[in-house]
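This report refers to the structure that appears directly beneath it.
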Amino acid sequence: MDSSMRAAPHLRERLGSAVFARVAGPAGPENRARIHDTPGPRWFGPHRPIRTVHGDASMFIGGLRALLLQSLHPLAMAAVAAHSGYRGDPWGRLQRTSTFLAVTTYGTADQAQQAVDRVRAVHGLVHGRTPSGEPYDATDPHLLGWVHVAEVESFLLAHQRYGAAPLDATGCDGYLADTARVAEALGVIDPPRDRKELVARLGAYRGELRPTEEAREAARFILLHPPLPLVARVPYALLAANAVAALPRWARTSLELPRLSHPAEACLAPTGRALTTAIRWAMAPPRPAP
């Protein structure tokens with residue numbers, strides 16, 4: 001057997017383990033076994049669109065886009081800046097978020113409800129005022145609604161651009177219907193259940209969005225100063241560039257992010273597809289020996 005063929009499984013295992021450790025944290029293997037191996041009814045069956053989207057490497061780009069877009073609501077950004085610890089413990093925040101998504105997407109119904117209850121308990125402690133004096137409360141259904149729609153639009157858009165199996169029209173609406181179940185459990189009132197409702201809801205929030213210095217600082221931290229080893233900086237920069245390119249133009253302008261020409265964006269997109277393909281390959285479960 002060629003040495004490169006023998007080395008490939010080991011390379012995949014090393015890369016996959018490194019990425020998984022960053023995203024899932026030290027308790028990742030234990031959580032994965034608990035989520036997938038515990039018997040019982042689930043909120044979502046094995047063929048539901050939410051599993052297709054949340055299980056794909058395109059989530060790396062979608063997650064970055066979601067963070068940038070969410071930051072443009074001044075109340076949401078003030079809550080994150082004051083309570084999330086994203087600068088002091090960015091990986092911890094990512095790991096908690098990824099675990100929540102995994103539990104609610106793949107876990108038993110009891111596990112999913114317990115995860116939701118924990119998040120709601122944390123939200124109950126998050127309240128205060130913005131630097132300009134506006135009050136915010138993380139249990140506010142309207143504010144939760146913004147966080148939800150910015151997130152699911154970003155996840156779905158990234159999946160359609162970079163996912164291994166883009167959804168058809170029915171699948172896209174099915175994804176939004178699936179995520180609406182989680183959103184309602186978290187306290188969102190009447191979350192969008194199809195693409196038409198999602199577009200309308202995003203438009204309804206547009207007048208509330210504005211850039212703040214906190215949002216621009218968060219964008220600079222996310223894009224320019226990620227706590228990563230040097231070897232990971234270039235791949236991360238390309239993922240981040242694709243996330244920025246996926247933002248609407250007004251959001252890029254608000255966050256003072258570079259505006260790319262259409263030819264430049266066309267050249268950038270293949271890097272996003274290549275990187276998500278590589279991550280997908282690295283994190284794929286090993287094939288059983290023949």
Side-chain angles (χ1 to χ4, degrees), residues 7-8 10-32 54-72 77 80-81 83-102 150-151 154-155 157-159 161-164 213-247 251-252 255-258 260 264-265 267-284:
H10 299 292
L11 175 61
R12 171 184 285 188
E13 183 178 355
R14 289 197 301 272
L15 289 175
S17 296
V19 174
F20 183 72
R22 284 287 186 181
V23 173
E30 178 184 342
N31 286 334
R32 179 169 55 187
H54 291 178
D56 192 85
S58 58
M59 288 285 283
F60 285 86
I61 294 176
L64 288 170
R65 183 190 188 272
L67 290 174
L68 294 169
L69 187 60
Q70 287 167 343
S71 75
L72 286 170
M77 188 62 238
V80 168
H83 299 273
S84 76
Y86 78 89
R87 284 183 176 274
D89 185 23
W91 292 113
R93 183 168 186 256
L94 171 64
Q95 290 154 11
R96 290 188 292 273
T97 300
S98 67
T99 300
F100 176 81
L101 287 169
E151 180 178 271
S154 295
F155 291 169
L157 185 151
H159 184 81
R161 289 191 183 184
Y162 306 104
E213 186 53 35
E214 290 172 316
R216 294 190 181 108
E217 287 179 2
R220 288 192 290 268
F221 179 79
I222 292 168
L223 300 175
L224 302 179
H225 306 292
L228 287 168
L230 288 176
V231 69
R233 291 293 180 94
V234 171
Y236 179 88
L238 291 172
L239 289 174
N242 277 275
V244 170
L247 285 168
R252 283 184 252 174
L255 291 170
E256 299 180 352
L257 300 175
L260 300 178
E265 287 191 11
C267 293
L268 180 64
T271 68
R273 288 190 286 272
L275 280 167
T276 50
T277 297
I279 295 169
R280 199 176 294 119
W281 170 80
M283 299 190 72

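In this structure, CZ on Arg93 lies 5.5 Å from OG1 on Thr97, to the nearest 0.5 angstrom. Distance CG/Leu94 to CG/Leu67: 8.5 Å, rounded to 0.5 Å. Interatomic distance, Met59 CE to His54 NE2, rounded to the nearest 0.5 Å: 4.5 Å. Atom NE2 in His159 sits 14.5 Å away from atom OG in Ser154 (nearest 0.5 Å). One finds the CZ atom of Arg96 at 13.5 Å from the CG atom of Leu101 (value rounded to the nearest 0.5 Å). Between the CG atom of Leu72 and the CG atom of Leu69 there is a distance of 6.0 Å, given to the nearest 0.5 Å.
Nearest heavy atom pair, residue Pro227 against residue Phe221, reads CD-CZ, 4.3 Å. Heavy atoms only, all atoms of each residue included: Pro26 and Gln95 are closest at CD-OE1, 4.3 Å. When all heavy atoms of Met77 and Ala215 are compared, the closest pair comes out as CG-N, 3.7 Å. When all heavy atoms are compared, the tightest approach of Leu157 to Ala246 is CD2-CB, 3.7 Å. The heavy-atom pair separating Tyr162 from Arg280 by the smallest distance is O-NH2, 3.0 Å.
Under the side-chain hydrogen bond (donor to acceptor under 3.5 Å, both in side chains) criterion, Arg216 pairs with Glu256, not counting sequence neighbours.
At least one donor-acceptor pair closer than 3.5 Å links the side chain of Ser98 to the backbone N or O of Val23. For Ser84 (side chain) and Ala81 (main-chain N/O), no donor-acceptor pair under 3.5 Å exists by modelled atom type. Thr271 contributes a side-chain N or O that, together with a main-chain N or O of Leu268, makes up a donor-acceptor pair within less than 3.5 Å. Formation of a donor-acceptor pair under 3.5 Å by the Arg65 side chain with backbone atoms of Asn242 is not found in this model. For Asp56 (side chain) and Ala164 (main-chain N/O), a donor-acceptor pair under 3.5 Å exists by modelled atom type.
Two residues are said to be in side-chain contact when any heavy atoms from C-beta on lie closer than 4.5 Å; Ile222 and Tyr236 meet this criterion. In this structure the side chain of Phe60 never reaches within 4.5 angstrom of the side chain of Leu275, judged on heavy atoms. In this structure, the side chains of Glu214 and Ser71 stay at 4.5 Å or more apart for every pair of heavy atoms. For the pair Leu68/Leu223, a side-chain contact is recorded, criterion being any heavy-atom separation below 4.5 Å from C-beta on.
Under a 4.0 Å N-O distance rule, the pair Arg161/Glu265 does not qualify as a salt bridge.
Crowding of Glu30 atom CD: a count of heavy atoms from other residues, nucleotides or ligands under 6.0 Å not exceeding 12.
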